Amino acid sequence: MADIKQLPTREQVDSSLTWDLTPIYQDRQAFNQAFDQVAKQIEALPELQGKLARSSKDLVQVIDAMMAAIRPAEKLYVYASLKHDQDTTDADNQALSGRTQSLLTKLESNLAWFEPELLAVESKTLDQWIQTDSGLKPYEHYLRTITDEREHVLTPAAEKLLAQAGDALNASSNTFDVLNDADLEFPVVEDDDGGTVQLSQGIYDQLIQSTKPEVRQMAFKQLYAVYHQFRHTLAATLSGNVKTHNFEASVHHYQDARQAAMNANHIPESVFDSLVTSVNDHLPLLHRYVALRKQILKLPELHMYDLYTPITGEPKLSYTFDEAKAEALRALAVLGPDYLSHVQEAFDSRWIDVVENKGKRSGAYSSGMYDTAPYILLNWQDNLESLFTLVHEMGHSMHSYYTTHNQPYQYGDYSIFVAEIASTTNETLLTDYLLNKYDDKQVQAFVLNHYLDGFKGTVFRQTQFAEFEHFIHQQDAAGQPLTADYLSQYYLELNKKYYGKDVISDPEIADEWARIPHFYYNYYVYQYATGFAAANTLAQRINSGEPAKREAYLNYLKSGSSDYPINVMRKAGVDMTQTAYLDQAFAEFEKRLNQFETLAKTM
Ligand SMILES: [Zn+2]
């Protein structure tokens, strides 16, 4: 076994490497005072019930009072969750987080009457109020996002009944989570150092990247053997979940589950269709990339378990956190002095929790709300991957910063559809910057491979998932039973289509559908692919050096939820209802694949 790394305790971490949460609340006493105050406000919310339909003035008052309770509650939530994540073993912080969660649940149930009451106001009346009462103007788009759904909202009694059935309707999805996260037991397999290790989802992700073919093959075969054993149960949970989506869509008068899911953010379904068509048209590029992988790895056969091992060896680049900060500022300089000054502010004001400590939440994220800084959690390692993570999370934080400083509270957040675009644009700018800066072939090859693998995993793989997800929803709606055999047969066909003839679609991969939690998310994954492609166009526009294009990008960051996501992106310079941005992304992929092929010949 590898030696066990000794992590510092939270107290042992140098405070300069931790986030400073005192601007949110000076201390626990200040938090408690705020908590009691918000609890009282939430308690009083039901008194607003039955008033909003009386006049436009009453509506404004109700919305103001509602927001006045939600806003400080969000602030409590951000503080409690950041405290919780910095050391999840801390009992005080666990209690803080638990109390805050309960308060938020209370908030939600004390406001459940708002939407049905608003929708009970006739649209003619509401339009007239918006036209004539300037007090409602700031809430116009906010009200539209609710009333646009009017024809899909049932009577309050029917909605209540559905809400009460919620736990039952979500049972399949919950069963999958319990089985997948808690009950499935995986065998002991060989690890990289010649020892043995108990397989788990996390260990699998490491072993599948092993440079030893026999290690990744064994991990692959053993993992899928377990899923294969439970495939009928897993087909039943997935099928049950699909039926829930189809049922909810149909009772809310949507054509199908996809329309219901995409309508929530006003994304035209053509965005989804164009993505699938365009990715299919460009599958030969993926086939070329995997063929190159086979050639560089010098493998007689390329299997599904050979797709994640690094093909360029260890990178020569390493960064301390201080070096990475300087590099990030240089890579993002194209975004202009104003953007950079806020990145600098993030560094100087301790918005970032940098290093790992005992009990700290794994991974990385950006989190904040209207009245807090956009904090960043990292688990820093001195490598290029961490630098990419830093600029990614900084992309989210700058998006939040610009939004909260340019929008009123009601538009001070943004949807997932636009969120990943800001972070991925920063990663794209970093890739461009590194390829320009370093002549060294090995560094070039490493950065190119990082990009190509990212594209493969985000654009191609997530679209494969999206295609599968849509197919099974349609088949269920048409009355086709989603049995394990049926799912596996289609999945294997799809997999062969995506990876082409140079990859052996091992029989185990037919069961991959059984272990992907995202298939329970309801038309979520396509946004990873569209976001990655949109970021490519935006980065090219920023790199052009034309001030107007940079301004358009910054305006997107400033827009928050003041307009529908598709309109926000159009104004930023990318029309996601058309295919041009996808074509541009594939052209970039092809260009870099050519560069990588040329480099590979000389290495
Ligand atoms: Zn992200």
Side-chain angles (χ1 to χ4, degrees), residues 19 78 81-82 85 205 265 267 275 324 328 331-332 335 339 342-343 346 351-354 356 360-369 372-381 383-404 412-433 450-451 453-463 465-466 516-518 521 523-539 542 553-554 556-561 565 568-569 572 574 576 581 585:
W19 49 32
V78 167
S81 69
L82 296 180
D85 289 351
D205 288 342
N265 277 322
I267 312 292
L275 174 73
L332 301 175
L335 288 163
Y339 190 97
H342 301 308
V343 175
W351 293 354
I352 309 177
D353 207 73
V354 184
E356 211 178 349
K360 182 168 165 179
R361 197 192 127 130
S362 62
Y365 66 65
S366 159
S367 174
M369 58 81 60
T372 73
Y375 289 94
I376 293 175
L377 178 138
L378 298 176
N379 281 281
W380 183 264
Q381 306 285 335
N383 57 32
L384 187 64
E385 201 50 53
S386 276
L387 173 61
F388 269 98
T389 305
L390 173 66
V391 301
H392 179 104
E393 301 308 336
M394 192 58 77
H396 287 308
S397 283
M398 290 301 109
H399 190 184
S400 300
Y401 181 90
Y402 276 109
T403 286
T404 57
D413 59 1
Y414 43 77
S415 74
I416 178 75
F417 186 81
V418 294
E420 285 305 319
I421 299 176
S423 52
T424 316
T425 299
N426 278 9
E427 284 200 63
T428 310
L429 292 173
L430 176 59
T431 301
D432 295 339
Y433 165 82
H450 180 272
Y451 166 82
D453 272 346
F455 197 104
K456 165 171 79 73
T458 315
V459 179
F460 287 111
R461 183 169 163 83
Q462 301 302 326
T463 305
F465 286 174
I516 306 294
H518 293 81
Y521 287 11
Y523 290 92
Y524 187 92
V525 291
Y526 82 93
Q527 303 173 108
Y528 291 125
T530 52
F532 194 101
N536 175 72
T537 293
L538 293 169
I542 295 161
Y553 181 76
L554 294 178
Y556 140 55
L557 300 184
K558 292 172 186 171
S559 296
S561 54
V568 169
M569 295 325 302
V574 44
M576 296 174 76
Y581 82 104

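One-based numbering, in listed order, for ligands and for the atoms of each. Below, each value reflects all heavy atoms present in this structure, side chains not excepted, and no hydrogens, waters or symmetry copies. All residue numbers refer to positions in the sequence shown, counting from 1. Every value quoted in this text rests on a predicted model; they were computed, and no experiment measured them.
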Within a distance under 2.8 Å of the Zn ion (ligand 1), the protein atoms of type N, O or S are His392 NE2, His396 NE2, Glu420 OE1, Glu420 OE2
Donor-acceptor pair, side chain of Tyr556 and main chain of Ala422, under 3.5 angstrom: yes
So, for Leu429 and Ala539, which heavy atoms are closest and what is the spacing to 0.1 Å? CD2-CB, 3.9 Å
Only counting residues at least two apart or in another chain, list the ones meeting ring-ring contact (aromatic ring centres under 6.0 Å, His included) with Tyr414. His399
Under the ring-ring contact (aromatic ring centres under 6.0 Å, His included) test, residues paired with Phe388 that sit two or more places apart: His450
Establish, from distance only, whether the side-chain atoms of Asn426 and Tyr339 form a donor-acceptor pair under 3.5 Å. yes
Could you tabulate the donor-acceptor pairs under 3.5 Å formed by side-chain atoms of residues 524-535, not counting sequence neighbours?
| unit_1 | atom_1 | unit_2 | atom_2 | d |
| --- | --- | --- | --- | --- |
| Gln527 | NE2 | Tyr524 | O | 3.1 |
| Thr530 | OG1 | Tyr526 | O | 3.3 |
| Thr530 | OG1 | Gln527 | O | 3.3 |

